[in-house]
Structures are given as structure tokens and as C-alpha cells.
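Counting starts at 1 for both ligands and their atoms, following the listed order. On a predicted model such as this, the values are computed, not experimentally measured, just so you know. Note: hydrogens, waters and symmetry copies are ignored here, and every other heavy atom, side chains too, is used.
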Amino acid sequence: MLSNIRIVLVQTFHPGNIGATARAMKTMGLTNLVLVNPRQFPDDEATRLAAGAADVLDSAQVVNQLDEAVSDCVQVIGASARLRSLPLPHFEEPDDMAQAVIQNAQHGPVALVFGRERSGLTNDEIRCCTHQVSIPANPDYGILNLSQAVQILAYEVHRAWRRRDDSHYVYQQATETTPPSREQVIYFQEHLGRLMQQSGFITQPHARTEEQLQALFTRAQPSRKELSLLRGLLSAFESHLPDR
Ligand code: SAH
């Protein structure tokens with residue numbers, strides 16, 4: 001579904017912004033970049049700012065006019081900091097836009113269109129769009145850098161996609177996160193309690209100390225592997241206790 005989402009940059013002036021856009025896209029799982037009449041592309045500065053996303057630049061398409069970039073799209077959303085006089089449906093919150101984008105991307109390509117650094121999108125270009133979106137920001141200074149505007153909208157699209165049941169999205173997790181079973185936790189607590197008594201660390205039954213330490217281990221939420229390490233440690237201590 002994310003492969004149906006296209007980022008379109010119109011007449012970008014700074015090649016660095018094209019590179020930073022590629023990077024912003026790739027971090028959010030987007031790879032489809034179309035450049036409308038860029039001032040300078042390909043370019044070393046673009047490649048430098050793309051960092052690990054040079055592949056997105058390599059596969060970028062360059063066209064002359066915005067309509068060539070969006071004519072096959074089922075939805076075209078123009079990103080603009082300012083409300084224009086054109087009465088296009090307007091998303092005032094990027095997350096509302098993202099939900100619509102994810103819905104529509106099931107049926108065909110969807111484009112998010114970004115304007116020039118200096119002058120944004122022309123009225124003619126806005127006419128190529130079906131919707132507009134703006135990123136709410138400081139009313140006194142609400143215009144973002146081009147690639148940062150791409151990052152925010154790409155993040156929202158990725159977030160809306162992640163939240164769908166069928167995205168099967170799995171965040172990179174630490175390799176060993178299997179939680180222990182209740183039984184393993186209880187064995188650990190008993191082992192700890194026994195050792196506290198046997199070592200003379202606590203002398204009275206029902207001492208609060210035992211509860212406090214157990215609360216500490218519960219809060220730490222050790223994984224199965226970590227809990228077995230802790231039990232190994234307890235056993236090692238235990239083997240050094242003097243025979244009674
Ligand atoms: N001076 C231009 C701003 C250009 S910033 C203007 O007034 O339109 C370059 C592009 O970044 C914009 O065309 C738009 O696509 C995007 N952008 C920047 N800030 C934005 C915001 N707050 N909301 C939506 N898009 C924004």
C-alpha cells in the first residue's frame with residue numbers, strides 16, 4: 001500500500017532539499033519520488049543529504065509538468081502553509097489527511113505535492129489537486145523547510161498505515177523480549193526469598209524488605225532470558241553459603 005503513495009516536489013531550488021526529502025521518505029517506508037522540473041538534479045549535494053536513501057533518488061522520476069506526475073492518481077493532495085482562495089476540500093490536520101490517503105491508496109496511486117521553497121504552489125498547480133493539507137504551526141512563523149514538511153506528512157501516513165490491522169507492522173524489537181511465565185516469576189521470587197533468609201539478609205519473617213525487592217524486580221519487567229540469568233546468579237550465591 002505504501003508503494004502507491006507518491007511524493008511530488010515541484011521545481012525544487014535546492015538539491016539538498018531533494019536529498020533530505022528522499023531520506024525523510026525512506027525512514028517512513030515511502031520510495032516513490034517524482035520531481036517536476038527541478039533546478040538541478042542529479043546532484044552531489046542531493047546524494048549527500050539523502051545518506052542511506054540514495055536508492056530513492058536513483059529511482060526518482062523527473063517530469064516537466066505537474067499534471068504528468070499526477071494524472072494516474074486517484075487522489076492528489078497539495079501541501080500548503082496558506083489557505084488559498086480555491087475552494088478545495090482542505091485537511092486542517094495531517095492525521096485526517098493520512099487516514100484518507102491510506103484508504104485511497106488501496107485503489108490506486110495517491111500523490112502528496114509540495115511546492116517551491118520560495119513561492120510554494122501556483123494556483124494552476126493547486127487546480128491539479130483534489131485536496132489541500134496544511135501542517136498547523138506557529139501562526140507567526142508557520143512555514144517549514146520543504147523536506148521537513150515532507151517528513152511530517154510522511155510520518156502521519158506511515159502512522160495511519162501502521163495502525164491498520166492488515167499492515168502487519170512490527171517495530172524492530174530487542175532480540176530477546178519473550179516475557180517469563182507467571183510460574184517462572186514465582187520460582188524466581190521464591191528463590192530470592194529463600195536466599196534472603198538463608199544468607200541472613202533478612203532475619204524476621206514477613207519483613208517489608210522482601211516485598212520491596214520483589215516489587216523492584218516486577219517493575220523492571222525482566223525478559224525470560226534475563227530472569228534465568230538472575231536465577232543463575234542466585235544459585236551461584238547460594239552455593240557459597242556456609243552449610244548450616
Ligand atoms: N513561501 C511558500 C512556502 C514554501 S515552503 C508559500 O508561501 O507557500 C515549501 C513547501 O513546503 C510548500 O510549498 C509546502 O508544500 C510545504 N510546506 C511548508 N510549510 C508547510 C505547512 N505549514 N503546511 C503544509 N505544507 C507546508
Check ligand 1 against [X] and write out every atom of the ligand that is under 4.0 Å from a heavy-atom position of the residue.
| X | value |
| --- | --- |
| Ser134 | 23 (N), 24 (C) |
| Arg118 | 1 (N), 2 (C) |
| Ala79 | 13 (O), 14 (C), 15 (O), 25 (N) |
| Ile143 | 3 (C), 5 (S), 7 (O), 19 (N) |
| Phe114 | 15 (O) |

### Query
side chain to side chain donor-acceptor pair (under 3.5 Å) with His14: which residues, sequence neighbours excluded?
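Checked His14 against side chain to side chain donor-acceptor pair (under 3.5 Å); zero matches.
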### By side chain to side chain donor-acceptor pair (under 3.5 Å) - contacts of Glu238 (at least two apart)
His191
### Message
For Ala149, which part has a heavy atom under 4.0 Å from ligand 1: side chain, backbone, both, or neither?
### Response
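Just the side chain.
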### ligand 1-proximal atoms of Pro136, by part, heavy-atom distance under 4.0 Å
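Contact part for Pro136 vs ligand 1: neither.
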Are [X] and [Y] connected, step by step, through hydrophobic side chains (Ile, Leu, Val, Met, Phe, Trp, Tyr) whose heavy atoms are closer than 4.5 Å?
| X | Y | value |
| --- | --- | --- |
| Ile77 | Val150 | yes |
| Met28 | Met1 | no |
| Phe13 | Leu35 | no |

### Task
Measure the shortest side-chain to side-chain distance between Val101 and Gln75 over non-hydrogen atoms and say whether it is less than 4.5 angstrom.
yes
Is there a polar contact between ligand 1 and [X], counting only N or O atoms under 3.5 Å apart?
| X | answer |
| --- | --- |
| Gly115 | yes |
| Ala137 | no |
| Leu121 | no |

### Query
Any sub-3.5 Å donor-acceptor pair from Ser228's side-chain atoms to Lys225's backbone N or O?
yes
### Query
Considering all heavy atoms of both residues, which atom of Val36 and which atom of Gln65 are nearest to each other, and what is their separation?
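Looking at all heavy atoms of both residues, the closest pair is CG1-C, 3.6 Å.
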### Message
If you take the nearest heavy atom of each of Leu144, Val113, Asn17, which one is closest to atom 18 (C) of ligand 1?
### Response
Leu144
### Message
In this structure, does ligand 1 have an atom that sits under 4.0 Å from one of the heavy atoms of Gln148?
### Response
no
